[in-house]
Chemist: 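Before I ask anything, let me first share the structure, which is written out below as structure tokens.
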Amino acid sequence: MVHAYILIQTEVGKAASVAAEIAGIPGVTSSEDVTGPYDVIVRAEADNVDQLGQLVVAKVQNVEGITRTLTCPVVHL
């Protein structure tokens, strides 16, 4: 299982609606609007890196109001 944090920038005033819509996507374990350089932080999981990429590109990035994403896979050192 691969876990990642997805840091999201949104259009002004869209953080809450983006976080709520993303929360309903299968594979997303949490989605919260935050303050700072990013507007929403998502924790997601997938069986492998390819499926994680598909989740981000095909589902998360298609949510209206998102301007930029940064995916940070979790590593265990």
Chemist: Mind checking whether Glu32 and Val40 have side chains closer than 4.5 Å, heavy atoms only?
Modeler: no
Chemist: Holding to side chain to side chain contact (heavy atoms under 4.5 Å, CB included), I want the full list of residues that pass it with Thr29, two or more places apart in sequence or in another chain.
Modeler: Arg43, Glu45
Chemist: Mind checking whether Val60 and Ile8 have side chains closer than 4.5 Å, heavy atoms only?
Modeler: yes
Chemist: Excluding sequence neighbours, so at least two apart, what forms side chain to side chain contact (heavy atoms under 4.5 Å, CB included) with Val28?
Modeler: Ile22, Ile25, Ser31, Val42
Chemist: Identify, with sequence neighbours excluded, every residue that meets side chain to side chain contact (heavy atoms under 4.5 Å, CB included) alongside Gln54.
Modeler: Gln51
Chemist: According to a hydrophobic-cluster definition based on side-chain heavy atoms being under 4.5 Å apart (Ile, Leu, Val, Met, Phe, Trp, Tyr only), do Ile41 and Val56 belong together?
Modeler: no
Chemist: Donor-acceptor pairs are to be reported for all side-chain atoms of residues 65-77 against protein atoms at under 3.5 Å, with residues two or more places apart or in another chain.
Modeler:
| unit_1 | atom_1 | unit_2 | atom_2 | d |
| --- | --- | --- | --- | --- |
| Thr67 | OG1 | Gln9 | O | 3.1 |
| Thr69 | OG1 | Gln61 | NE2 | 2.8 |

Chemist: Search all heavy atoms of Leu55 against all heavy atoms of Pro26 and return the closest pair with its distance.
Modeler: CD1-O, 3.4 Å
Chemist: At what distance, to the nearest 0.5 angstrom, does CD of Glu64 lie from NZ of Lys14?
Modeler: 5.5 Å
